[in-house]
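To start, the structure itself, in structure tokens.
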2 protein chains.
Amino acid sequence: MIGRRSGPATRAAIQRVALELFTKKGYEATSLREIADELGIQKPSLYYHFKGKEDILRALLDERGDEAEQLLEWISRQPQRPELIRAAVLRWVQSFSAEKLRGIRFLSANPLVARTFEGRTDDRIGSTLNQLIDALAGLLPDRSPAKVLQLRMALLSINAAVDAATSTPFTDEDILAAANAGAIAQIDALLATG
Amino acid sequence: MIGRRSGPATRAAIQRVALELFTKKGYEATSLREIADELGIQKPSLYYHFKGKEDILRALLDERGDEAEQLLEWISRQPQRPELIRAAVLRWVQSFSAEKLRGIRFLSANPLVARTFEGRTDDRIGSTLNQLIDALAGLLPDRSPAKVLQLRMALLSINAAVDAATSTPFTDEDILAAANAGAIAQIDALLATG
DNA sequence: GTCTATACGGTGATAGAC
DNA sequence: GTCTATCACCGTATAGAC
């Protein structure tokens, strides 16, 4: 669909369209011409706002929040007991509003692109998530690899719920509820073991 | 890496390399030249074996097994009680050997590509999985959307485990064990509700 | 801030020699 | 079965007019 534009294309508008197309068709499969068409401008006009395609992607990734850092810091201030795992995971899962699901959907649709960018720049997604896992894994009664991996799965419940809901009529509320219930079930099983 | 080849490139060899590259770099980001280089042949030689890039992808997708159909048929022959859910999900998760994780990894790395192909051809991945969900959802004590979605998450535990293990040193055995434990935890929670 | 025009490389793909 | 040569096309990117 080619949209008639009302005013000048802003960075925010470009990012909005790019996020939508990257999520629907994938980063690699989306051309700058498609983004420009959707905005009703010409392809070279995008280069006034961004250095190139990768720069648009970088801007989208930089928009992420710092919930992971905040949670990590919160954890360090709590008494280090196994029950902290449950509280922390629930805090994490519940920090995702319906609005933030857009970001999750983008990452789910473009797992390799996100992973490629993890290496460069600051990389606040992956590494902080790993620190989070490490901090919580230390509290596990049974710290075998399978258990640690299951803890990781619990933290990634939102991603799993989003993936499970693709191509279905489930609502954002359903997804958040299922992610929450799923995380609880995993954590309960992990804490019951030890 | 450019490989010296010993004999003629077979369809199987091409598929092997393609699966590896598609998984590592993504379908769109992988060029036919890269596949040819890896095999030590020239790009046009691939066209003797396959009609084109998409044909290679199709061949890979057609290689999938029919575990879903078999499980669906098995379910229909069992007494339709809530406990059947647990048995069925465990059968499903345990049908994935370390070997079959290659397929899961490919699908995880290329979610949109797989989804695009679901529409065309026979599509045995998605639709059969949906039938599986429907058959099991009918046995749920509580059939609210969030519960049905969580059932879906339980079935997709292998995918979630693979995703959770990417960029980590977890072994295939760890992944299968965590997927199994995760599925059990989800199902137990679902059955305890009603 | 957006346009037209243009250059460049790489891609999927085909024809035809061997 | 593999090659060389070649194609049209597309996406990225830049220069310069308005």
Side-chain angles (χ1 to χ4, degrees), chain A residues 1-61 109-110 112-113 116-117 120-121, chain B residues 1-61 106 109-110 112-114 116-117 120-121:
Chain A
M1 176 197 297
I2 301 179
R4 293 278 176 278
R5 72 198 157 90
S6 38
T10 63
R11 273 182 70 100
I14 294 173
Q15 289 189 40
R16 202 195 68 240
V17 170
L19 179 63
E20 178 189 328
L21 289 177
F22 289 170
T23 302
K24 186 167 62 180
K25 308 190 40 176
Y27 173 75
E28 313 271 6
T30 300
S31 69
L32 292 184
R33 197 180 58 78
E34 291 175 287
I35 298 176
D37 281 357
E38 187 74 21
L39 288 165
I41 63 176
Q42 296 296 320
K43 192 171 46 168
S45 301
L46 295 173
Y47 285 86
Y48 173 79
H49 300 280
F50 295 95
K51 272 181 280 190
K53 192 181 182 184
E54 199 174 296
D55 193 37
I56 299 179
L57 174 63
R58 190 180 302 270
L60 288 176
L61 292 176
N110 301 277
L112 294 176
V113 172
T116 300
F117 268 69
R120 335 175 196 173
T121 71
Chain B
M1 178 197 296
I2 300 180
R4 292 277 176 277
R5 71 197 159 90
S6 38
T10 63
R11 273 181 69 99
I14 294 172
Q15 289 190 39
R16 202 195 69 240
V17 170
L19 179 62
E20 178 189 329
L21 290 177
F22 288 170
T23 302
K24 186 167 61 182
K25 307 190 39 174
Y27 172 75
E28 314 271 6
T30 301
S31 69
L32 293 183
R33 195 181 59 79
E34 289 176 287
I35 298 177
D37 281 356
E38 187 73 21
L39 289 164
I41 63 177
Q42 295 296 321
K43 187 172 53 165
S45 302
L46 295 173
Y47 284 87
Y48 174 81
H49 301 279
F50 294 94
K51 272 181 282 191
K53 190 181 182 183
E54 198 174 294
D55 193 38
I56 300 179
L57 175 64
R58 190 182 300 270
L60 288 175
L61 291 176
F106 166 73
N110 300 277
L112 294 175
V113 172
T116 301
F117 267 70
R120 336 175 196 174
T121 72

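All figures in this text were calculated on a predicted structure; none of them were measured in a lab. Order of the sequence lines sets the chain letters (A, B, ...), proteins ahead of strands, with each chain counted from 1. Reckoned from all heavy atoms, side chains included, excluding hydrogens, waters and symmetry mates.
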Rounded off to whole Å, could you give me the CD1-to-P distance for the A:Ile14 and C:dG1 pair? 11 Å
Identify the heavy atoms of A:Thr30 and A:Lys53 that sit nearest to each other, and give their distance. O-NZ, 2.7 Å
Smallest heavy-atom separation, A:Ile35 atom then A:Ala18 atom, equals CD1-CB, 4.1 Å
Which atom names give the shortest non-hydrogen contact between B:Leu32 and B:Tyr47, and what distance separates them? CD1-OH, 3.2 Å
With sequence neighbours excluded, residues passing side-chain hydrogen bond (donor to acceptor under 3.5 Å, both in side chains) with A:Arg16: none
For nucleotides 4-15 of chain C, read 5' to 3', which letter fits each nucleotide if B means a protein heavy atom sits under 4.0 Å from the base, S means only the sugar-phosphate is that close, and - means neither? BB-----SBBB-
Closest approach of B:Gln42 to B:Ala36 (non-hydrogen atoms, all atoms of both residues): C-CB, 3.7 Å
Atom CG of A:Asp55 and atom P of D:dT12 are separated, to the nearest Å, by 13 Å
